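See structure below.
Note that the coordinates shown come from a computational prediction; the quantities given were computed from them, not determined experimentally. Residue numbers begin at 1 in each chain, while the letters A, B, ... track the order of the sequences. Only this structure's heavy atoms are used, side chains among them; waters, hydrogens and symmetry mates stay out.
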Amino acid sequence: MNLANRSLVTIDDLSNGEIEALFSLADEMEDSINEQSGLCQGKIMASLFFEPSTRTRLSFEAGMLRLGGRVISAVDIGASSLAKGESVADMAKVVGSYADIIVIRHPWEGAARVVADYAGVPVINAGDGSHEHPTQTLCDLYTIRKERQTIKGLRIALWGDLKHGRTVHSLIYALARFGATILFCPGPGLEMPEHVLGRLNTEYKGDLKKCRNLNRELERKLFPIDAIYLTPSSPHQLAMLPDISIRVELKAGVDALYVTRLQKERQAPTVEEQELKKDYPVVDKKLLKGKEFKKTLVMHPLPRVDELTHEVDADPRSMYFKQAAYGMPVRMALLALLLGAKEVIIPEEEDSFVRKIDYPVYKRDSGVKCPNIKCVSNQETEVRYIKPEFKIVSREPLTLRCVYCDHELHPQFVASSEWHQRKLDSKKYHSADSHFARKINPENLIIFASEKEAQSRQFKPSSYVEHK
Amino acid sequence: MNLANRSLVTIDDLSNGEIEALFSLADEMEDSINEQSGLCQGKIMASLFFEPSTRTRLSFEAGMLRLGGRVISAVDIGASSLAKGESVADMAKVVGSYADIIVIRHPWEGAARVVADYAGVPVINAGDGSHEHPTQTLCDLYTIRKERQTIKGLRIALWGDLKHGRTVHSLIYALARFGATILFCPGPGLEMPEHVLGRLNTEYKGDLKKCRNLNRELERKLFPIDAIYLTPSSPHQLAMLPDISIRVELKAGVDALYVTRLQKERQAPTVEEQELKKDYPVVDKKLLKGKEFKKTLVMHPLPRVDELTHEVDADPRSMYFKQAAYGMPVRMALLALLLGAKEVIIPEEEDSFVRKIDYPVYKRDSGVKCPNIKCVSNQETEVRYIKPEFKIVSREPLTLRCVYCDHELHPQFVASSEWHQRKLDSKKYHSADSHFARKINPENLIIFASEKEAQSRQFKPSSYVEHK
Amino acid sequence: MNLANRSLVTIDDLSNGEIEALFSLADEMEDSINEQSGLCQGKIMASLFFEPSTRTRLSFEAGMLRLGGRVISAVDIGASSLAKGESVADMAKVVGSYADIIVIRHPWEGAARVVADYAGVPVINAGDGSHEHPTQTLCDLYTIRKERQTIKGLRIALWGDLKHGRTVHSLIYALARFGATILFCPGPGLEMPEHVLGRLNTEYKGDLKKCRNLNRELERKLFPIDAIYLTPSSPHQLAMLPDISIRVELKAGVDALYVTRLQKERQAPTVEEQELKKDYPVVDKKLLKGKEFKKTLVMHPLPRVDELTHEVDADPRSMYFKQAAYGMPVRMALLALLLGAKEVIIPEEEDSFVRKIDYPVYKRDSGVKCPNIKCVSNQETEVRYIKPEFKIVSREPLTLRCVYCDHELHPQFVASSEWHQRKLDSKKYHSADSHFARKINPENLIIFASEKEAQSRQFKPSSYVEHK
């Protein structure tokens with residue numbers, strides 16, 4: 001199978017089988033990192049970084065150069081073309097006519113999707129705001145697989161800023177897809193956002209349990225767990241007694257502890273940094289003396305600040321520099337595949353619990369907008385050509401997920417295009433959660449941002465409108 | 001013929017024949033863009049960008065890499081060596097000792113000329129303030145030629161900010177040289193500067209007519225034309241009735257509409273952006289429905305903002321992304337030629353109306369300075385070694401044109417070195433427009449910035465001084 | 001001999017013989033600069049510049065490319081990873097896993113040492129604050145050797161900002177090692193720091209004499225000399241009459257005049273720039289008419305501002321653009337050696353006066369800190385893992401030299417670990433300059449930052465404590 005000319009915008013763009021195949025190629029690359037210079041000769045990679053980065057960019061660039069390719073790069077370009085008011089799409093089209101592949105980092109969530117839509121060449125998302133950072137996830141998974149041979153059934157604890165870290169958002173879906181049990185250990189106020197948990201629950205079908213009201217005694221003994229996600233393939237599902245499940249899981253030990261730093265730069269500027277840092281949980285020698293961490297891989301996407309002490313560096317359990325180093329073979333494998341310089345055999349997928357869902361899409365010219373102000377679809381320069389677009393991921397309650405940034409919204413009022421086409425006086429709007437509304441076919445659905453919008457478009461309330 | 005070791009500072013550095021030859025080579029490059037990697041092996045291009053740029057820089061760099069060459073680059077260097085107070089000449093000499101060719105963008109007008117004077121290697125101007133951007137002009141001409149086979153006799157409309165856009169200034173002279181008719185459609189207050197129009201008139205000998213007081217009725221029907229330039233090769237010159245000429249021209253349709261964005265960054269900071277944007281003319285689907293635009297190539301140097309709507313992108317007349325893409329073969333051809341990696345046969349020039357004029361040069365140590373505060377010759381770090389230097393482009397009235405930035409000035413008082421050498425009491429100064437002054441040979445001409453300067457240098461007023 | 005896998009952090013990392021061998025290789029490189037592209041194929045150099053630079057970075061990058069290698073670079077990264085609070089060591093480890101060699105410039109003094117300690121690949125210091133810039137020194141020495149065949153016995157005058165210029169600090173030790181006589185000609189208030197002069201005196205064993213109170217008449221005749229250093233190999237050592245030595249030296253002429261610019265960016269911000277510039281000594285045509293400058297090589301590390309006039313550029317004695325151009329062959333030779341692509345034969349060293357001193361090292365967890373606030377060991381992000389570490393360069397008075405930035409300090413109070421280990425009531429501290437204290441073996445030495453620290457650690461004053 002051939003991955004040529006595909007883009008990697010979210011980790012969902014690769015199936016489990018494709019990821020496994022990519023990892024096998026990365027193993028090959030790693031074994032002979034200096035003998036790959038014939039693979040991508042004559043190819044040019046553009047690295048476009050609208051946010052600062054050393055690690056990610058340099059590993060992409062070094063990887064491309066080791067493949068024999070060449071690199072053009074634009075770094076910290078916030079000040080240049082953006083200042084001139086150019087759209088992301090225009091930039092993508094132009095750079096796509098110079099380069100064979102584009103690697104992009106951008107502060108707007110969903111920007112990489114737009115670049116992939118317009119560039120005409122393969123695009124790799126190197127981080128779009130708090131949204132996703134799929135190649136980091138590949139490095140993370142690769143590190144775990146390298147050390148534990150599999151990901152399935154492992155217990156992975158996510159630690160620290162689970163709210164803003166794009167790396168953990170990409171990682172969590174991948175872990176769920178590969179059948180890992182996930183323990184959530186956020187800092188105070190930095191819990192995993194509801195929409196991420198919601199998606200885990202609905203799409204990956206495992207059991208998710210908030211642990212807030214657990215047995216106090218247990219809580220004291222353990223490191224602070226906020227929630228637990230058990231894969232459907234796990235033999236013991238979360239039952240009436242989540243305490244027991246957690247005990248069982250932890251007895252077997254944590255396989256990996258994935259530490260993240262406080263993403264200061266994505267905090268509201270009003271929050272005092274000192275306040276945030278004060279209660280941020282720290283991983284140090286003392287914590288790692290706990291029995292449950294005996295064989296734990298200590299991971300971190302880097303850069304780290306104070307949340308993971310330097311004293312751990314010499315510990316054989318520390319994996320974070322390896323993790324960073326694996327960035328090169330993993331990214332080399334990815335570049336070689338997307339550029340068509342290598343083909344891979346995708347193993348038959350037996351992961352029956354992974355289902356790529358084809359949700360119906362909602363893309364009407366209306367008042368419904370993505371609620372995320374950092375979404376690319378809400379930016380002044382982009383609204384000129386981007387129309388809001390959503391996946392309808394649920395009808396009860398009506399849930400739209402932005403195709404760009406994956407944020408979700410729950411509109412209250414809908415109508416049907418079919419009915420109002422018949423005669424004007426049938427232009428009625430309904431409560432989205434009414435029995436009637438749920439029967440409207442997705443392709444006929446008209447969704448309003450507000451009751452006011454419905455009325456301003458000459459719709460009248462039907463009897464299926466609940467006035468609260 | 002061999003273009004090796006030449007520099008491209010202004011579009012005038014290439015003859016029409018050389019441009020045609022370069023375009024033939026660009027055609028070759030385009031047909032086999034991935035087979036050129038043997039041409040410039042071992043050569044290093046330095047790209048020095050003192051102003052932000054993605055498009056231009058990336059296309060130069062990608063082009064050089066596709067030629068098998070290598071690239072060193074310094075981007076946004078405003079903050080580095082400039083801050084240390086280094087002169088452009090010093091930087092040029094040093095970088096010239098590391099690289100085989102230099103591409104430079106700089107905010108000071110004429111800076112590329114200085115770099116070419118000192119680097120010791122070929123230099124390409126990638127934009128010097130509001131002055132010139134000759135490789136953009138090459139891309140523009142190449143696009144037109146590609147689509148229409150010739151430029152001669154075409155009707156090209158220039159639209160938008162004709163005052164600050166360096167791209168249109170380079171383009172306009174080239175269009176005149178290739179024998180195109182030019183229609184000027186500026187935004188309010190953004191008319192083509194007088195010195196550009198003046199030069200069109202005097203050097204290219206076509207007919208230029210301001211259209212401000214045209215028939216009102218005509219004006220309503222048409223898109224807003226401010227002036228028209230008819231090539232001398234045109235069968236019907238502008239006569240007593242410019243209205244008729246315009247009607248005739250437009251009946252045949254506009255061949256290309258060259259849209260430019262508002263150059264906010266070159267506006268006086270006091271001008272309100274909102275104010276400027278309000279009346280800026282927009283090219284959209286509606287405008288392009290006009291009969292005169294039926295077969296028009298819609299062009300734009302990019303980046304665009306609001307002056308050209310995204311809805312036009314899908315229109316087959318839209319050329320701007322092609323134009324950007326042509327940047328690569330055109331720049332590859334240019335690099336290959338200047339590096340001596342390719343030779344071309346220059347066709348016999350039959351463009352009799354193009355005359356490269358050898359004006360006498362004025363370069364005395366005196367008070368006469370270029371009036372352009374953005375000229376490289378007026379910068380604190382450069383006055384240490386640059387002496388003002390002018391072409392004497394006219395004696396009636398006396399007109400000096402700065403060799404660096406092409407701005408013009410009209411000094412009022414002159415003297416003759418011949419006469420005052422004979423005896424001291426003949427040290428007299430004269431009105432520049434006196435019969436007597438005009439008879440002074442250029443090599444003997446002494447020009448004063450002011451009457452005061454003349455007097456402070458012990459010259460006395462002659463009878464040929466008019467006291468106004 | 002093989003220099004592979006070594007780092008160049010200070011000029012002392014290379015012996016005189018190694019420097020000579022490197023210069024021979026640079027000669028080879030210079031003779032066939034375009035035929036070296038097979039040497040470093042497949043190798044990647046990372047250039048990490050935390051401070052702006054064009055010259056140094058571009059010459060390294062161009063050099064690596066001419067060797068057939070490839071380059072990844074991160075420029076002006078102050079704003080990126082530093083802002084995230086990442087340590088220099090972490091960055092070094094990560095980049096070391098992508099690149100085969102690292103070139104680093106950093107504002108913190110000693111930062112290059114830390115990078116070399118952690119990167120796992122060879123590291124080249126391209127300037128660390130005001131500390132050292134060893135490759136500039138190599139270019140300087142190479143230029144002198146190229147023009148004068150030897151450095152030994154030459155008279156080199158250092159001119160301008162001797163206080164802040166890292167280039168002169170690296171240079172001065174190298175000149176002393178190669179046996180040159182050094183004349184110090186600083187601007188007012190910009191004298192060579194005491195610790196540099198002190199080190200010259202103690203380590204290189206030549207004669208150093210301050211000239212402040214010289215014969216007034218002599219002073220008027222000469223350019224302003226502040227101090228003179230005579231190599232021990234010099235036939236006439238500074239005697240009772242330094243005036244005579246200077247006369248003798250100058251009669252023979254100055255072999256090289258090394259001009260430096262005012263390092264504004266390292267001045268206290270309270271000092272008025274105009275004030276500083278006013279009295280800064282200028283090298284111009286007039287000065288160079290002096291008899292002692294008849295055959296002088298005029299050198300400058302560039303960029304220059306006003307301290308060296310452009311009129312000198314055309315003078316055959318001016319060497320500064322050659323000096324910059326030599327940056328390429330010298331850096332190519334260095335890269336090839338450290339990457340193991342070339343081996344050299346190191347000539348037998350006959351420079352008996354050069355002794356690399358193995359000082360005992362002091363590295364206890366205590367209150368003693370480097371006094372230099374710009375030292376890497378004092379930075380918030382680095383104290384997490386760097387322990388202060390010093391060479392004990394003298395016992396009378398007790399002098400510690402920071403292993404990172406070479407700044408020195410003179411602690412007043414010490415104790416012995418041997419004695420207090422025996423019984424608690426012997427935990428006494430002593431004056432560092434007491435007879436008793438000087439007898440403590442270095443490995444037993446406990447050094448206190450202050451008397452207060454000694455007491456807070458439960459030490460009591462011994463009779464060898466002088467209370468001033």
Side-chain angles (χ1 to χ4, degrees), chain A residues 33-38 47 49 51-71 73 75-76 78-79 105 261-265 273 277 300-314 318 320-329 331-332, chain C residues 38 40-50 52 61 64-65 68-104 106 114-115 117-121 339 380-387:
Chain A
I33 209 128
N34 289 320
E35 292 154 36
Q36 309 300 335
S37 68
S47 66
F49 278 68
E51 278 194 324
S53 160
T54 2
R55 199 174 333 280
T56 304
R57 182 171 62 83
L58 293 184
S59 68
F60 266 115
E61 295 186 7
M64 185 63 178
L65 294 175
R66 292 206 190 276
L67 290 167
R70 303 196 163 193
V71 174
S73 56
V75 180
D76 290 347
R105 169 168 293 186
R261 74 181 168 86
L262 179 63
Q263 302 249 333
K264 279 180 294 191
E265 69 275 29
E273 189 181 327
K277 278 180 135 177
H300 194 299
L302 301 182
R304 67 160 150 194
V305 191
D306 295 304
E307 67 283 351
L308 176 57
T309 60
H310 277 76
E311 58 186 12
V312 179
D313 295 8
S318 84
Y320 29 99
F321 291 113
K322 269 197 188 177
Q323 209 177 332
Y326 289 148
M328 195 146 64
R331 290 184 173 110
M332 284 170 75
Chain C
C40 294
Q41 276 201 337
K43 298 292 182 186
I44 291 180
M45 176 185 103
S47 65
L48 304 178
F49 278 68
F50 286 78
E61 295 187 5
M64 185 64 178
L65 294 175
R70 302 196 163 193
V71 175
I72 53 176
S73 55
V75 180
D76 290 348
I77 27 182
S80 66
S81 45
L82 271 192
K84 291 180 184 168
E86 184 176 35
S87 70
V88 168
D90 278 16
M91 183 215 55
K93 277 193 212 170
V94 172
V95 178
S97 67
Y98 304 147
D100 300 297
I101 193 164
I102 294 176
V103 175
I104 179 136
H106 202 286
V114 175
V115 176
D117 287 347
Y118 287 89
V121 297
L339 283 167
E380 193 192 338
T381 49
E382 314 303 309
V383 291
R384 295 180 201 137
Y385 67 99
I386 294 181
K387 281 185 194 164

I want to know whether Phe49(A) and Phe60(A) have ring centres closer than 6.0 Å.
no

Between the main-chain N or O of Val88(C) and the side-chain N or O of Glu382(C), is there a donor-acceptor pair closer than 3.5 Å?
yes

Do you know which of Arg66(A), Met328(A), Arg57(A), Glu35(A) has the most heavy-atom pairs with chain C at a distance under 4.5 angstrom?
Arg66(A)

Below 4.5 Å from any heavy atom of chain C, which atoms of Ser59(A) appear? Answer side chain, backbone, both or neither.
both

Examine whether an atom of Leu302(A) lies under 4.5 Å from a heavy atom of chain C, and if so say whether it belongs to the side chain, the backbone or both; otherwise answer neither.
side chain

Got a sec, which residues hit side-chain contact (heavy atoms from CB on, under 4.5 Å) with Val312(A), two or more places apart in sequence or on another chain?
Leu288(A), Leu308(A), Thr309(A), Asp315(A), Ser318(A), Tyr320(A)

One option among Leu48(C), Val94(C), Val95(C) has the most heavy-atom pairs under 4.5 Å with chain A, and it is Val94(C)

For the interface with chain C, which of Gly68(A), Gly63(A), Gly327(A) has the highest count of heavy-atom pairs at distances below 4.5 Å?
Gly68(A)

Residues Arg384(C), Asp90(C): salt bridge by 4.0 Å N-O rule
no

Would you please name every residue forming a side chain to side chain donor-acceptor pair (under 3.5 Å) with Arg70(C), sequence neighbours left out?
none

In terms of heavy-atom pairs under 4.5 Å with chain A, the winner among Ala89(C), Ser73(C), Ala99(C) is Ser73(C)

